[in-house]
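Lettering of chains follows the sequences in order, A, B, ..., and the numbering in each one begins at 1. It should be emphasised that the depicted structure is a prediction, and the values quoted were computed from it without experimental measurement.
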There are 2 protein chains.
Amino acid sequence: MARIQPLNQEISLTVIKTACSNCNLRELCLPFGLSTEELARLDDMVSTRRRIKRGDHLYRAGEGFDAIYAIRSGFFKTDVLLEDGREQVTGFQMAGELLGLDGISTEHHTCNAIALEDSEICAIPFSRLEVLSREIHTLQHHFHKVMSREIVRDHGVMMLLGTMRAEERLAAFLLNLSQRFTARGFSHAEFYLRMTREEIGSYLGLKLETVSRAFSKFQEEGYIAVQQKHIRILNVNGLKALMNHQR
Amino acid sequence: MARIQPLNQEISLTVIKTACSNCNLRELCLPFGLSTEELARLDDMVSTRRRIKRGDHLYRAGEGFDAIYAIRSGFFKTDVLLEDGREQVTGFQMAGELLGLDGISTEHHTCNAIALEDSEICAIPFSRLEVLSREIHTLQHHFHKVMSREIVRDHGVMMLLGTMRAEERLAAFLLNLSQRFTARGFSHAEFYLRMTREEIGSYLGLKLETVSRAFSKFQEEGYIAVQQKHIRILNVNGLKALMNHQR
DNA sequence: GCGTTCGCTTGATCCACGTCAACCACGGTA
DNA sequence: TACCGTGGTTGACGTGGATCAAGCGAACGC
């Protein structure tokens, strides 16, 4: 809660680690663009940090909503389930991205958020975020941008699901992942997938066998090297070119 | 601009017509939940009202963003275009709904908004909305809810595109339209489609022939009566039942 | 009033992806 | 080291929806 606790080294260290002002994701996350003084106020608000183990839910559809979550480390998927059991993965989220925006509308979460690897999140009580964003214009505006960006991203997914063929979808998916890893300082050409073929398929509106075949095809063409979840991109332009081959 | 102009009957009438406080859509639109006094302040902000003719753009992808738009009357579609010309319709919007939220993220619109019939919109300068929502908590919260609702809606579309078969998609589409017409005081069972089969198809990730065949099928089954764009729903439960028949 | 255009319907055919099934690779456990 | 379970790959085959094509009715311009 308090930002500085000089009388207790133990707590102080923990708090420093939790602070937005000290987080190397602040340029990707909610604190973007805030002054030092404003950052301090945000620190006060982001009180809770939580570990989520691989496979565990951060929240479930139907649960009450009272906070949004910033991913500090790790990897998540969000999905919605139909009554008959069909699953649609609506997104994969990585460090610095926000989870839970869907819950604002009805005060209840409308999707599930599940950790795909051991993760850490910062809980941001939503009512306090609204208070603070009335006072810090930059925060208000940035939050609006983040929500809007989510809407734009969703439009991209609709485009993908509505008009692209299987290989285009997978190429778009890989390029998107690569770009997001790059933004976080990781290699753009080599990474581990945290999700299964089935989860990729659900996200892309394809069956896992189709995803697997597309991976193999890309490998044959020399665009990528696949070994289970380990991906190396060998020819970015090859993948990009795939995406303009309509019909 | 000014809410009351008693010295000029002509202008006064126009202004009264434009005012949110006087708009019968206020329970569906941004003014939801505001007090009389707060409504008056919103009125001051929503200065511009514009007519958009059928077929005309309200805004285009790439254009600078500075306002969001409330639909006062009429009907719109939003779409995104791929370089190679493929179109994805991302939504159909009717009276009381907001357009332009996609533009906040980059300060540029990322999709096109096109009137499907002669329409009227209220322009809401976004920077002024941010100022006002710092002062009126209800407005702030409601705006956040509206953005969040859009995200939830998008998830529903992903579900539809990713996991449903053609007839399920069309059934979901018709039920959604029916429900939204009902909320606006129109018949839930009888309405005119403002969009072509091709636009429906683009939204649903199907070709126009498939949409047409599904309409015919529904008619054969006695679920609906179709005559071009005129739709009568004869058996809502029949349509609903369709949506749980996975595989 | 008449031709033209646009949107819609319907049929025949095709193919991308789904389905079903067998097998394999890896990691964890005994 | 053997065993098992989960996830991934690959092949053979089936099918839902795309494609191609023809015809038709409503709306519009002249």
How many Å lie between [atom1] on [X] and [atom2] on [N], as a whole number?
X: B:Glu198; N: C:dC8; atom1: CD; atom2: C1'; result: 11 Å
X: A:Glu220; N: D:dT10; atom1: CD; atom2: C1'; result: 11 Å
X: A:Gln228; N: D:dG5; atom1: CD; atom2: P; result: 19 Å
X: B:Glu167; N: D:dG17; atom1: CD; atom2: P; result: 8 Å
X: B:Glu168; N: D:dG16; atom1: CD; atom2: P; result: 13 Å
X: A:Lys217; N: D:dT9; atom1: NZ; atom2: C1'; result: 16 Å
X: A:Arg194; N: D:dG7; atom1: CZ; atom2: P; result: 17 Å
X: A:Leu208; N: C:dT19; atom1: CG; atom2: P; result: 10 Å

What about the rings of A:Phe76 and A:Phe92, do their centers lie closer together than 6.0 Å? no

Going by distance alone, is a donor N or O of one side chain under 3.5 Å from an acceptor N or O of the other, for [X] and [Y]?
X: B:Thr78; Y: B:Gln93; answer: yes
X: B:His57; Y: B:Glu63; answer: no
X: A:Glu190; Y: A:His230; answer: yes

Phosphate oxygens OP1/OP2 of C:dG7: is one of them under 4.0 Å from a side-chain N or O of B:Lys229? no

Strictly below 4.0 Å: does A:Arg213 bring a side-chain N or O up to OP1 or OP2 of C:dC17?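 No, no such contact exists.
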
Any donor-acceptor pair under 3.5 Å joining the side chain of A:Glu209 to the base of C:dC17?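 It does not, because no donor-acceptor pair links the side chain of A:Glu209 to the base of C:dC17 below 3.5 Å.
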
Among D:dT10, D:dG17, D:dG7, find the nucleotide with the atom closest to the side chain of B:Arg165.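 Per side-chain heavy atoms of B:Arg165, the pick is D:dG17.
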
Measure from the side-chain heavy atoms of B:Lys207 and tell me the nearest of C:dT9, D:dT19, D:dT9.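 Among C:dT9, D:dT19, D:dT9, the one nearest the side chain of B:Lys207 is D:dT19.
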
For a quick check of understanding: with a heavy-atom distance under 4.0 Å over all strands, which category does [X] fall into, base, sugar-phosphate or nothing?
X: A:Leu206; value: sugar-phosphate
X: B:Ser212; value: base
X: B:Gly201; value: nothing

Looking only at heavy atoms, which two atoms of A:Met164 and A:Glu168 are closest? And how far apart?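 Residues A:Met164 and A:Glu168, closest heavy atoms: CA-OE1, 3.5 Å.
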
Nearest-nucleotide comparison on DNA chain C, the residue closer to the 5′ end among A:Gln227 and A:Val211: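 Closer to the 5' end of DNA chain C: A:Val211.
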
